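See structure below.
This one's a predicted model, so the numbers in the text were calculated from it and none came from an experiment.
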Amino acid sequence: MVESVAFGGSRVLAGDKAAALVANVVSRAVARGSRLCVGCAPGADALAVAAALAHGGASRLALFCVGGSCGAGFPRRAGRGVPAWVRAAAGAGARMRWWAGGNARVPLRARLALRARACAASASQAVFFVNSAFSRGSWGAAAHAVGL
């Protein structure tokens with residue numbers, strides 16, 4: 001049985017040290033042949049997607065998105081439409097789970113939480129890169145991943 005690992009964490013996770021840490025962990029999962037499950041948020045999700053693509057893991061990557069392929073449903077603060085790292089993953093052959101938290105009628109906050117839960121539930125293991133004790137969404141997804 002192929003192991004599956006969900007990656008997630010803080011939306012504000014930047015810098016060379018963070019990128020190197022995420023790349024190191026994700027590249028090891030790719031090297032083991034693991035399936036990778038990742039959300040669509042900036043920060044930890046975007047770094048995990050970039051690492052998976054850089055290490056040849058696109059075919060084993062499942063991306064859980066809060067919006068649709070047309071760009072609807074993504075948070076306005078993310079800019080217009082589908083984020084660049086999500087487009088890159090789709091173009092590289094990742095399995096896309098559009099509207100993973102529910103359709104456009106589901107409020108964004110609920111869709112974000114449901115998307116994170118769907119991502120965590122699809123994996124047998126989870127890794128979270130969190131830079132703050134106040135990262136409610138990340139801690140909520142982590143709690144769900146371990147059955148709390």
Would you compute the distance between atom [atom1] of [X] and atom [atom2] of [Y] and round it to the nearest 0.5 angstrom?
X: L108; Y: F74; atom1: CG; atom2: CZ; answer: 10.5 Å
X: L112; Y: L114; atom1: CG; atom2: CG; answer: 9.0 Å
X: F7; Y: F128; atom1: CZ; atom2: CZ; answer: 10.5 Å
X: R35; Y: S124; atom1: CZ; atom2: OG; answer: 8.0 Å

Which pairs of donor and acceptor atoms, one on a side chain in residues 92-102, lie under 3.5 Å apart (sequence neighbours left out)?
from, atom 1, to, atom 2, distance (Å)
R95, NH2, R60, O, 3.4

For the residue pair [X] and [Y], what are the closest heavy atoms and their distance?
X: L47; Y: A19; result: CD2-CB, 4.0 Å
X: D45; Y: G8; result: OD1-CA, 3.4 Å
X: V66; Y: P75; result: CG1-CD, 3.9 Å

**OP:** For A6, enumerate each residue passing the side-chain contact (heavy atoms from CB on, under 4.5 Å) test, keeping only those at least two apart in sequence or located in another chain.
**Re:** C37, C119, A123, A126

Subject >> By side-chain contact (heavy atoms from CB on, under 4.5 Å) - contacts of S34 (at least two apart) >> reply: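 Listed in chain order: E3, V5, A29, R32, L36.
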
Going by atom type alone, with no hydrogens or angles, which donor-acceptor pairs under 3.5 Å involve a side-chain atom of residues 51-59 and a protein atom two or more places apart or on another chain?
from, atom 1, to, atom 2, distance (Å)
H55, ND1, A51, O, 2.8

Considering only heavy atoms from C-beta outward, does the side chain of [X] approach that of [Y] to under 4.5 Å?
X: V82; Y: S69; value: no
X: R115; Y: C40; value: yes
X: V38; Y: L61; value: yes

Original post:
Does R111 use its side chain to pair, donor to acceptor, with the backbone of V106 at less than 3.5 Å?
Top reply: yes

Original post:
Hey, quick one: are V86 and V26 part of the same hydrophobic cluster, counting side-chain heavy atoms closer than 4.5 Å, chains of contacts allowed?
Top reply: yes

Original post:
Can you get from W85 to F64 by hopping between Ile, Leu, Val, Met, Phe, Trp and Tyr side chains that sit under 4.5 Å apart?
Top reply: no

**OP:** Could you note down all residue pairs passing side chain to side chain donor-acceptor pair (under 3.5 Å) where residues 12-28 supplies at least one of them, sequence neighbours left out?
**Re:**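 For residues 12-28: N24-R28.
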
